[in-house]
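Reviewing the structure listed below.
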Amino acid sequence: KAGVTQTPRYLIKTRGQQVTLSCSPISGHRSVSWYQQTPGQGLQFLFEYFSETQRNKGNFPGRFSGRQFSNSRSEMNVSTLELGDSALYLCASSLSLGTGGEQYFGPGTRLTVT
Amino acid sequence: AQSVTQLGSHVSVSEGALVLLRCNYSSSVPPYLFWYVQYPNQGLQLLLKYTSAATLVKGINGFEAEFKKSETSFHLTKPSAHMSDAAEYFCAVTLTGTASKLTFGTGTRLQVTL
């Protein structure tokens with residue numbers, strides 16, 4: 001069974017631009033979560049989607065948004081990029097909500113904002 | 001709210017020596033606890049999880065962890081380190097319920113020397 005895939009793997013953007021990252025969960029998994037990883041703040045939860053609905057949200061500004069499609073694929077969008085948004089963005093999928101957090105992570109998208 | 005604290009941002013052991021990575025949790029209700037490993041330029045891989053069944057949990061690659069409620073700890077151990085164990089290790093906690101949000105510790109980088 002294929003793992004979680006994320007595209008693109010690397011991205012360079014300029015301050016003020018917006019970016020969209022994509023995540024395809026493991027087949028049959030219906031819950032998708034997004035995390036931001038930076039050297040300073042570590043791993044931080046962004047949001048979780050299940051059945052095309054946002055079920056949980058972390059403490060990030062409204063510039064960070066996401067959505068989930070009927071096939072469980074998810075996208076996250078960051079508008080008006082700031083230098084501090086440079087990070088590794090990880091997507092994780094799980095079978096459903098409340099599965100005890102057993103999540104399967106993709107390789108991440110490395111975003112660099114210049 | 002739940003949280004985890006990892007003691008020691010860097011741990012160095014000799015090949016063949018015992019690996020001990022420390023994690024203490026804080027939670028007002030019984031938690032689910034996890035250890036994840038991250039190799040360079042990769043996502044996170046689940047090593048093992050505690051979900052209130054057995055207190056001694058065995059994971060992949062020879063790792064195990066013991067849940068000690070009295071000490072609020074979930075330390076990760078491996079009897080004999082291998083060079084391939086060099087990576088960053090994250091302890092994480094989530095609560096039962098309808099969400100899968102993981103709260104991560106700050107990570108411990110394990111170095112294995114000859």
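We use all heavy atoms of the structure for the numbers below, so side chains are in, but hydrogens, waters and symmetry mates are not. Order of the sequence lines sets the chain letters (A, B, ...), proteins ahead of strands, with each chain counted from 1.
Using a 4.5 Å cut-off between heavy atoms, F90(B) contacts chain A through its side chain alone, with no backbone atom that close. Using a 4.5 Å cut-off between heavy atoms, Q6(A) makes no contact with chain B at all. Contacts between Q38(B) and chain A at a heavy-atom distance below 4.5 Å involve the side chain alone, from C-beta outward. No part of Y104(A) comes within reach of chain B, as not one of its non-hydrogen atoms sits under 4.5 angstrom from that chain.
Identified by a heavy-atom distance below 4.5 Å to chain B, contributing residues of residues 59-67 of chain A are lacking entirely.
Dense packing is recorded around CG of L18(B), with more than 12 heavy atoms of other residues, nucleotides or ligands lying under 6.0 Å away. No more than 12 heavy atoms of other residues, nucleotides or ligands sit less than 6.0 Å from atom CZ of R22(B).
No path of Ile, Leu, Val, Met, Phe, Trp and Tyr side chains, each step under 4.5 Å between heavy atoms, connects L90(A) with Y10(A), placing them in separate hydrophobic clusters. A continuous path of hydrophobic side-chain contacts links L111(A) to L46(A) [ILVMFWY only; heavy atoms under 4.5 Å]. By the rule that hydrophobic residues join a cluster once side-chain heavy atoms approach within less than 4.5 Å of another member, F47(A) and V78(A) end up as members of one cluster. One hydrophobic cluster, built from ILVMFWY side chains closer than 4.5 Å, holds both F74(B) and V11(B). The same ILVMFWY cluster, assembled from side-chain heavy atoms under 4.5 Å apart, contains both V113(A) and V19(A).
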Begin from the C-alpha positions of F104(B) and F45(A) and carry the test ring-ring contact (aromatic ring centres under 6.0 Å, His included) through to its verdict.
CA-CA 9 Å; F104(B) 286 91; F45(A) 173 79; 9.9 Å; no
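Taken from CG in L43(A) to CG in L102(B), the straight-line distance is 9.5 Å, to the nearest 0.5 Å.
The shortest non-hydrogen separation linking R9(A) to N41(B) is NH2-O, 3.6 Å.
The closest side-chain heavy-atom distance from Y36(B) to Q103(A) is below 4.5 Å.
Applying the disulfide (SG to SG under 2.5 Å) test to every pair with at least one member in residues 9-53 of chain A, sequence neighbours left out, gives these pairs: C23(A)-C91(A).
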